[in-house]
Amino acid sequence: MLLLGAGRAQDALLKLRDGFDAADPWCWFVRAGALLRLDRYDDCIEAAKEGLALDGENVHLLDALAAARTYTSDLAGAEEAILAALRVDAEDADLLTRYASIVARAGQLEKAEKLVARALSIDPENEYALQMHALLANASGDVRETIARSRELLRHAPEHPLGHRLIGASHVERGHVVEADDAFTDAVRLDPSDHETAEAARGVRVLRHWLLWPLRPAMRIGNVPLWLGAVVTMLVLRALQLRTALLWFAAVWVVYCVYSWIAPAAVRWLIRR
Amino acid sequence: MTDDLLQPSVSNAPPRVRPWRLGSQFWVAFLGGALAVATIAILNAARLRISSRQRWLMIAMTAVTMAALIALWLQHPLATDLRSFAKTSRELRVYGRIAAVLLYLALAAMQRKADAHYQVFYEGEYAPLWGAGTAAVLIGGSVQTLVLAGAVWLAR
């Protein structure tokens with residue numbers, strides 16, 4: 001169990017082999033948990049089912065079963081397992097959050113929000129619930145809420161890499177390059193094994209390069225307002241018959257667009273050199 | 001005690017087809033025009049499991065854009081008959097591009113929420129837009145030209 005907690009799932013499996021008691025559901029749970037962490041979902045499901053054959057109301061096994069089924073895209077099956085667990089203990093914040101993650105994956109974000117709210121009302125410091133709370137905001141595209149909820153998560157668990165990653169991603173959305181870079185640096189430092197975050201961090205590092213400095217206002221304002229502004233300006237200049245101004249503006253606009261497409265790739269190449 | 005929240009509500013959906021990136025769709029708009037980007041956007045909306053009501057809204061927005069473009073072409077002095085149509089001014093093409101980009105911005109905004117959901121819960125693996133995009137640009141662009149030409153011909 002301790003090995004599992006320390007993240008050494010493979011070692012846990014090996015250690016389990018000596019002294020495995022097929023009649024003890026707890027052994028099956030440790031096995032299922034280790035397999036889950038190793039992404040061996042089908043094996044995890046089998047192990048969970050073996051354990052449940054001995055003790056059908058074991059919430060830990062049901063939770064592991066639900067998790068594994070979620071990742072094999074059997075959302076209906078996952079729901080079945082987690083609801084069985086909730087029938088045993090409806091006041092467990094972790095189980096409620098697991099259910100929230102299942103329905104969220106199915107696109108039912110409102111229901112997921114309610115489940116997480118209930119989980120947090122039972123246990124306001126539950127890291128899993130706070131994490132899902134932030135992810136839900138991120139999934140619905142609400143930048144401000146994502147940052148607020150991520151800060152809440154970090155208040156309770158300052159070393160949580162997801163909190164920093166979500167804040168970093170949100171800052172990127174808003175064009176705050178420096179804050180994004182700081183947040184992503186923290187996220188990578190806290191979980192160096194997460195390749196996606198490392199990739200995103202590298203991307204943000206690129207944005208800080210001095211060659212991309214002219215693009216910062218564009219990142220702050222956002223693509224939509226920028227394009228609308230440019231189109232409106234050009235139409236106004238045309239209506240006012242200011243041909244030279246229009247040509248100059250159009251030329252600058254085209255150069256700016258081309259620069260915004262070429263420069264990031266160029267910087268990435270420069271950095272790699 | 002029945003608890004509404006703890007009732008089953010999930011059913012298994014068919015496996016997801018990878019959607020396209022929202023940013024890549026810009027090129028389809030810029031190079032292929034309004035019809036091209038609308039086709040890609042609406043197909044992508046299906047991939048993102050966006051409701052059919054929203055997809056109808058996207059179709060409606062495309063129709064409005066095309067109507068606006070047709071109106072613009074008809075009232076332009078150059079589009080008097082098919083021969084001068086062929087010598088369309090650069091100006092009309094610029095308007096076409098602007099309209100396509102604005103339509104793209106609107107359609108992308110409608111896909112944003114579903115796209116964010118996909119990124120969070122499905123690890124955001126996208127399909128490349130090269131094949132479908134190029135087809136959309138070539139076919140959509142041609143169809144759009146035909147539609148506009150047809151409108152001009154019918155009006156005269």
Side-chain angles (χ1 to χ4, degrees), chain A residues 69-80 82-87 90 95-96 99-109 111-112 114-115 117-118 132 134-143 146 166 169 173 196 222-228 230-232 234-235 238 250 257 261, chain B residues 1-17 21-27 29-30 45 47-51 54 72 89-91 94-126:
Chain A
R69 281 183 172 164
T70 311
Y71 293 123
T72 53
S73 300
D74 180 11
L75 291 180
E79 180 181 48
E80 197 188 306
I82 200 64
L83 283 177
L86 283 165
R87 271 195 288 276
L95 295 177
L96 286 165
Y99 190 27
S101 80
I102 294 170
V103 299
R105 238 171 187 249
Q108 298 166 17
L109 290 183
K111 182 168 175 177
K114 288 190 192 147
L115 286 163
R118 188 183 287 193
M132 186 57 48
L135 271 177
L136 285 174
N138 191 223
S140 62
D142 188 336
V143 175
T146 307
L166 285 178
E173 280 277 321
E196 269 180 49
N223 270 331
V224 176
L226 204 64
W227 271 88
L228 281 176
V231 168
V232 165
M234 286 194 270
L235 289 175
R238 186 182 162 274
C257 285
W261 296 321
Chain B
M1 178 182 85
T2 47
D3 192 339
D4 282 335
L5 207 51
L6 299 182
Q7 297 302 314
S9 60
V10 173
S11 52
N12 278 338
R16 285 188 163 236
V17 185
R21 287 186 189 280
L22 294 186
S24 315
Q25 292 172 27
F26 167 82
W27 288 107
F30 194 78
R47 291 185 178 200
L48 289 174
R49 304 267 160 91
I50 291 177
S51 72
Q54 295 248 350
L72 215 60
S89 73
R90 242 176 293 146
E91 199 172 283
V94 168
Y95 283 143
R97 254 186 248 279
I98 291 177
V101 170
L102 291 177
L103 180 64
Y104 155 74
L105 291 174
L107 294 177
M110 295 186 71
Q111 295 171 65
R112 205 152 300 256
K113 196 162 170 180
D115 188 63
H117 178 266
Y118 177 78
Q119 278 191 30
V120 171
F121 290 108
Y122 291 91
E123 276 84 63
E125 245 198 62
Y126 287 95

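In what follows, every chain begins at residue 1, and chains take the letters A, B, ... in the order their sequences are listed.
- If you measure heavy-atom distances from Leu83(A) to chain B, the contacts under 4.5 Å come from the side chain alone.
- Proximity to chain A (any heavy atom under 4.5 Å) is restricted, for Leu105(B), to the side chain, taken from C-beta onward.
- The ring of Trp227(A) has its center no closer than 6.0 angstrom to the ring center of Tyr104(B).
- Taking both residues in full, the closest heavy atoms of Ser101(A) and Phe121(B) are given as O-CE2, 4.4 Å, listed atom of the first, atom of the second, then distance.
- Arg118(A) touches chain B through its side chain: at least one heavy atom from C-beta onward sits under 4.5 Å away, while N, CA, C and O do not.
- Ranked by heavy-atom pairs under 4.5 Å with chain B, the list Glu80(A), Arg87(A), Gln108(A) is led by Gln108(A).
- The part of Ser73(A) that comes within reach of chain B is its backbone (N, CA, C, O), which places non-hydrogen atoms under 4.5 angstrom from that chain.
- In plain terms, the two heavy atoms of Asn12(B) and Ala76(A) that are nearest each other are OD1-N, 2.9 Å.
- Heavy-atom minimum distance, Gln7(B) versus Lys111(A): O-NZ, 2.8 Å.
- Counting heavy atoms from C-beta outward, Tyr99(A) and Leu5(B) have side chains that stay 4.5 Å or more apart.
- Atom CG in Leu135(A) sits 11.0 Å away from atom NE2 in His117(B) (nearest 0.5 Å).
- Summarising the geometry of Pro8(B) relative to Glu79(A), their closest heavy-atom pair is CA-OE2, 3.2 Å, with the distance given to 0.1 Å.
- Of the two parts of Ser11(B), only the backbone, made up of N, CA, C and O, holds a non-hydrogen atom closer than 4.5 Å to a non-hydrogen atom of chain A.
- For chain B, the nearby parts of Ala104(A) are the backbone and the side chain; heavy atoms of each come within less than 4.5 Å.
- Leu136(A) touches chain B through its side chain: at least one heavy atom from C-beta onward sits under 4.5 Å away, while N, CA, C and O do not.
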